[in-house]
**Student:** 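Input: one structure, supplied below.
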Amino acid sequence: MSMLSTGLLSKSSLLAQAVEPSSKPISANDHINVGVIGPGSRGKELIRQLLRVPGVNIAAVCDVYEPRFAEVNQLVGKPVPAYKDYREMLSRKDLDAVFIATPPVFHAEYAVAAMNHGLPVYGEKTLGFTVEDCNRVIAAVRQTKQIFQIGHQLRYEPWAQKTIQRIAQGDIGTPTHVYAYWHRTDNWRRSVPDPKLEHLFNWRLYKETSGGLLEELGSHSIDMANWIFRSQPETIVGSTSIVQYHDGRTVGDNVQAVLGYTGGRRMFFSAITDNAMIGDSVWVYGTEGSVELTLEDATFYSATSKKITEASHTAAVDRGVKTGASFQTNWEMPYRGFGDRVRLDAAAEDPTLTACRDFIQCVREKRQPLASVEVGYASAIPCAIGKEALETGRTMNLPALPSA
Ligand SMILES: NC(=O)c1ccc[n+]([C@@H]2O[C@H](COP(=O)([O-])OP(=O)(O)OC[C@H]3O[C@@H](n4cnc5c(N)ncnc54)[C@H](O)[C@@H]3O)[C@@H](O)[C@H]2O)c1
């Protein structure tokens with residue numbers, strides 16, 4: 001098994017990966033001073049969750065848009081030292097960790113700089129905007145031996161962990177296909193107080209700063225597929241267009257992508273912005289069953305062939321199911337039974353809170369997180385290269401994790 005597949009898969013082995021001590025020892029009771037770069041929508045959410053983690057102090061913020069500083073002060077309940085240039089913030093001597101939530105084009109530069117300053121990093125997805133970006137972050141983690149966590153908080157959802165454990169145990173046989181949908185009714189456009197701020201506020205809508213729906217939403221789904229298949233995709237092909245929002249944006253308002261994994265396994269990703277019927281869900285199809293993962297639960301279904309009986313066939317026909325000439329009760333029934341829901345013992349907390357809590361614990365214990373830099377690489381590469389695949393319609397090969 002490759003290092004990547006081990007890294008993507010094994011919680012216990014990842015948790016056991018101690019990192020070399022950084023310059024400043026941190027005791028269990030010490031405050032962890034956090035600096036946040038890019039406290040916009042996601043950055044403020046991270047701050048909100050960090051404020052719920054004992055021992056965390058929001059020590060500094062950096063943003064190119066000054067009004068963010070007052071918003072952060074209000075959230076934190078005190079004035080937080082503020083910087084417009086990330087280098088000035090990083091030169092503070094009291095920081096213990098940095099969170100990065102800027103648009104993706106800046107992720108690699110800022111993460112590498114923070115690690116070179118001896119600081120652990122929680123980096124929002126995606127790891128990098130380009131393949132070169134991703135390689136730079138991987139190299140920096142290896143060289144500095146710093147802690148790096150990628151913002152794939154779904155890895156911390158208890159029902160997703162339980163589901164993927166059951167899939168790994170063979171509960172749906174061999175998983176062969178992952179179909180992920182991110183269907184919304186949302187034009188993705190933000191209102192802008194001044195036209196000069198269009199690109200700063202609506203960076204998601206322009207190719208220079210955004211990989212569009214594949215990068216922004218698909219990266220989470222691709223991460224799920226990587227986790228399920230225990231590997232990184234090898235190819236990507238797809239298409240995109242603007243079907244509804246002809247408003248000057250240069251990224252598509254819908255995307256369809258097919259990712260190829262070893263052994264012919266496939267992942268399909270679809271995002272549309274003008275109909276939320278399917279919503280956000282990931283279907284995993286295996287040789288002996290299926291499972292649907294949503295943002296709140298998961299439901300397992302046994303393979304149809306095991307459930308079908310003559311009686312259920314007759315009942316389906318009686319209630320009006322129309323069948324074609326080749327209809328067979330064994331493999332074509334539009335019936336999937338009631339399913340077996342993955343239940344949680346207690347109400348789950350927001351996975352972003354769990355992800356933040358675990359990152360802070362990693363900083364204290366000097367170990368690499370579950371959502372490691374390798375996890376980030378495996379989802380970012382298809383998005384980085386996917387931009388060209390969607391535009392040209394060509395099947396593109398994806399590079400594997402560079403060897404150490
Ligand atoms: N993990 C998740 O579920 C999740 C959810 C939403 C967003 N995100 C990610 O978080 C990141 C930010 O998304 P968002 O919706 O919060 O965007 P946003 O535009 O709301 O916030 C980005 C902030 O960064 C600031 N900024 C821009 N350029 C900067 C620079 N050069 N230096 C410092 N600050 C700069 C902006 O002024 C803004 O305040 C993206 O990478 C996005 O993919 C992750």
Side-chain angles (χ1 to χ4, degrees), residues 35-50 60-73 75 80 82-90 98-114 121-130 133-134 137 149-157 160 182 184 186 188-194 196-206 208-224 251 271 280 295 350-356 358-359 369 371 375-376 379-380 383-384:
V36 179
I37 310 179
S41 165
R42 184 63 182 169
K44 279 185 295 202
E45 177 59 16
L46 291 169
I47 292 175
R48 224 170 271 126
Q49 299 301 347
L50 279 168
V61 280
C62 164
D63 203 294
V64 291
Y65 183 58
E66 266 190 59
R68 295 280 179 249
F69 301 145
E71 295 167 12
V72 170
N73 291 346
L75 200 57
V80 176
Y83 300 85
K84 287 188 89 171
D85 187 324
Y86 76 98
R87 285 163 292 211
E88 282 179 36
M89 191 192 90
L90 292 181
V98 169
F99 278 64
I100 299 169
T102 61
V105 282
F106 304 110
H107 289 177
E109 178 186 339
Y110 295 4
V112 170
V121 171
Y122 184 110
E124 261 312 335
K125 51 78 178 167
T126 51
L127 188 68
F129 194 60
T130 61
D133 278 353
C134 298
V137 182
Q149 182 166 326
I150 190 71
H152 279 320
Q153 71 277 3
L154 304 188
R155 292 255 172 179
Y156 297 83
E157 285 179 342
W182 218 303
R184 293 175 167 177
D186 174 9
W188 241 23
R189 178 168 279 291
R190 289 169 169 176
S191 60
V192 179
D194 177 337
K196 283 198 229 90
L197 297 172
E198 169 62 13
H199 281 262
L200 183 65
F201 275 51
N202 280 314
W203 57 268
R204 272 191 178 82
L205 303 183
Y206 301 99
E208 303 76 44
T209 47
S210 172
L213 292 157
L214 180 69
E215 181 180 75
E216 284 304 303
L217 303 178
S219 56
H220 284 303
S221 308
I222 293 168
D223 178 48
M224 274 287 173
V251 300
D280 304 341
L295 294 178
D350 186 317
T352 300
L353 172 57
T354 317
C356 289
D358 199 58
F359 173 74
V375 165
S379 66
C383 300

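Remember, it's 1-based here, ligands and their atoms both numbered in the order they're listed.
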**Student:** For His220, take its heavy atoms, then give the atoms of ligand 1 lying under 4.0 Å from any of them.
**Tutor:**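 Those atoms are 1 (N), 2 (C), 3 (O).
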
**Student:** Give the atoms of ligand 1, by number and element, whose distance to some non-hydrogen atom of Ala101 is under 4.0 Å.
**Tutor:**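 Listed by number with element, the hits are 11 (C), 12 (C), 22 (C).
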
**Student:** Do Leu46 and Cys356 come within less than 4.5 Å of each other through their side chains, counting heavy atoms only?
**Tutor:**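 Counting from C-beta outward, Leu46 and Cys356 do come under 4.5 Å.
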
**Student:** Using a 4.5 Å cut-off on heavy atoms from C-beta on, say whether the side chain of Asp280 contacts that of His220.
**Tutor:**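 Answer no - side chains too far apart.
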
**Student:** Where is the nearest protein heavy atom to atom 18 (P) of ligand 1: which residue, which atom, and how far?
**Tutor:**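 Atom 18 (P) of ligand 1 sits closest to the protein heavy atom Arg190 NH1, 3.3 Å.
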
**Student:** Which heavy atom in Lys44 sits nearest to a heavy atom in Leu75, and how many Å separate them?
**Tutor:**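 That would be O-CD2, 3.6 Å.
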
**Student:** Show which atoms of ligand 1 fall inside a sub-4.0 Å distance from at least one heavy-atom site of Arg68.
**Tutor:**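 Heavy-atom distances to Arg68 below 4.0 Å select 38 (C), 39 (O).
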
**Student:** Closer than 4.0 angstrom: is that true for some heavy atom of His107 and an atom of ligand 1?
**Tutor:**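 Yes, His107 has a heavy atom closer than 4.0 Å to ligand 1.
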
**Student:** Look at atom 28 (N) of ligand 1 and say which protein heavy atom is nearest, naming residue and atom and giving the distance to 0.1 Å.
**Tutor:**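 In this structure, atom 28 (N) of ligand 1 has Phe106 CE1, 3.4 Å as its nearest protein heavy atom.
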
**Student:** Charged N to carboxylate O below 4.0 Å: is that the case for Glu109 and Arg87?
**Tutor:**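 Here Glu109 does not pair with Arg87 in a salt bridge, since their nearest N and O are not under 4.0 Å apart.
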
**Student:** Using a 4.0 Å cut-off to any heavy atom of Glu216, which atoms of ligand 1 qualify?
**Tutor:**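 Listed by number with element, the hits are 42 (C), 43 (O).
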
**Student:** Among protein heavy atoms, which lies nearest atom 44 (C) of ligand 1, and at what distance?
**Tutor:**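 Minimum-distance protein heavy atom for atom 44 (C) of ligand 1 reads Glu124 OE1, 3.1 Å.
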
**Student:** Using a 4.0 Å heavy-atom cut-off, say whether Arg42 meets ligand 1 through its side chain, its backbone, both or neither.
**Tutor:**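 The answer is both.
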
**Student:** Going by distance alone, is a donor N or O of one side chain under 3.5 Å from an acceptor N or O of the other, for His199 and Thr209?
**Tutor:**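 No, Thr209 and His199 have no side-chain donor paired with an acceptor closer than 3.5 Å.
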
**Student:** Is the closest side-chain heavy-atom distance between Arg155 and Val375 below 4.5 Å?
**Tutor:**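 A side-chain contact exists here, since the closest heavy-atom pair is under 4.5 Å.
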
**Student:** Taking 4.0 angstrom as the limit and counting only heavy atoms of Leu200, give me the atoms of ligand 1 inside it, by number and element.
**Tutor:**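 Going through ligand 1 atom by atom, the ones under 4.0 Å from Leu200 are 27 (C), 37 (O).
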
**Student:** So which heavy atom on Val121 is nearest to which on Ala111, and how close?
**Tutor:**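 Smallest heavy-atom distance, with atoms named: CG2-O, 3.9 Å.
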
**Student:** Any atoms of ligand 1 less than 4.0 Å from a non-hydrogen atom of Tyr65? List them with their elements.
**Tutor:**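 Answer for ligand 1: 37 (O).
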
**Student:** What's the shortest heavy-atom distance between Met224 and Ala160, and which atoms?
**Tutor:**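 Met224 and Ala160 have their closest heavy atoms at CE-CB, 3.9 Å.
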
**Student:** Are Tyr86 and Phe106 an aromatic pair, judged by ring center distance below 6.0 Å?
**Tutor:**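 No, the ring of Phe106 stays outside the 6.0 Å limit from the ring of Tyr86, centre to centre.
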
**Student:** Just to check, does Tyr86 reach to within less than 4.0 Å of ligand 1 when the distance is taken from its heavy atoms?
**Tutor:**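 No, Tyr86 has no heavy atom closer than 4.0 Å to ligand 1.
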
**Student:** What protein heavy atom is closest to atom 24 (O) of ligand 1, reported as residue, atom name and distance in Å?
**Tutor:**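 Scanning the protein heavy atoms, the shortest distance from atom 24 (O) of ligand 1 goes to Gly38 CA, 3.4 Å.
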
**Student:** Starting from atom 37 (O) of ligand 1, which protein heavy atom do you reach first, and at what distance in Å?
**Tutor:**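 Sorting protein heavy atoms by distance from atom 37 (O) of ligand 1 puts Asp63 OD1, 2.6 Å first.
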
**Student:** Quick one: nearest non-hydrogen protein atom to atom 26 (N) of ligand 1, plus distance?
**Tutor:**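 Checking every protein heavy atom, the shortest distance to atom 26 (N) of ligand 1 gives Val64 CG2, 3.8 Å.
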
**Student:** Can you tell which part of Arg204 has a heavy atom less than 4.0 Å from ligand 1: side chain, backbone, both or neither?
**Tutor:**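 For Arg204, only side-chain atoms sit under 4.0 Å from ligand 1.
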
**Student:** Answer yes when Lys125 and Glu216 have at least one side-chain N-carboxylate O distance shorter than 4.0 Å, and no when they do not.
**Tutor:**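 Salt bridge flag = yes for Glu216 with Lys125.
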
**Student:** For atom 31 (N) of ligand 1, what's the nearest protein heavy atom and its distance?
**Tutor:**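 Of every protein heavy atom, Tyr110 OH, 2.8 Å lies nearest to atom 31 (N) of ligand 1.
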
**Student:** Using the rule ring-ring contact (aromatic ring centres under 6.0 Å, His included), only one of Trp188, Tyr65, Tyr206 pairs with Phe201; which is it?
**Tutor:**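 Of the listed residues Trp188, Tyr65, Tyr206, the ring-ring contact (aromatic ring centres under 6.0 Å, His included) partner of Phe201 is Tyr65.
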
**Student:** So does Glu45 pair up with Arg42, basic N to acidic O under 4.0 Å?
**Tutor:**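 Here Glu45 does not pair with Arg42 in a salt bridge, since their nearest N and O are not under 4.0 Å apart.
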
**Student:** With atom 27 (C) of ligand 1 as the reference point, say which of Ala355, Gly40, Pro67, Pro103 has the nearest heavy atom.
**Tutor:**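 That would be Pro103.
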
**Student:** Below 4.5 Å, heavy atoms only, C-beta onward: do Leu154 and Asp223 meet side chain to side chain?
**Tutor:**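 When only atoms from C-beta onward are counted, Asp223 and Leu154 do not touch, as no gap falls below 4.5 Å.
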
**Student:** Against heavy atoms of Gly151, which atoms of ligand 1 measure under 4.0 Å?
**Tutor:**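 Here the atoms of ligand 1 in question are 1 (N).
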
**Student:** Check each of Thr102, Leu197, Thr209 against atom 11 (C) of ligand 1 and report the one with the nearest heavy atom.
**Tutor:**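 When every heavy atom of Thr102, Leu197, Thr209 is considered, Thr102 comes closest to atom 11 (C) of ligand 1.
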
**Student:** For Lys44, state whether at least one heavy atom is located under 4.0 Å from any atom of ligand 1.
**Tutor:**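 Distance cut 4.0 Å: Lys44 fails for ligand 1.
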
**Student:** Quick one, Pro104 and Trp203 - any side-chain contact, counting heavy atoms below 4.5 Å?
**Tutor:**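 Contact flag for Pro104/Trp203 side chains = yes.
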
**Student:** Heavy-atom distances under 4.0 Å decide this one: backbone, side chain, both or neither, for Met89 against ligand 1?
**Tutor:**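 Near ligand 1, Met89 shows nothing, with every heavy atom at 4.0 Å or more.
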
**Student:** Pick whichever of Lys125, Gln153, His199 has a heavy atom sitting closest to atom 1 (N) of ligand 1.
**Tutor:**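 Shortest heavy-atom distance from atom 1 (N) of ligand 1: Gln153.
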
**Student:** Does His152 come within less than 4.0 Å of ligand 1, judged by its heavy atoms?
**Tutor:**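 It does not; every heavy atom stays at 4.0 Å or beyond.
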
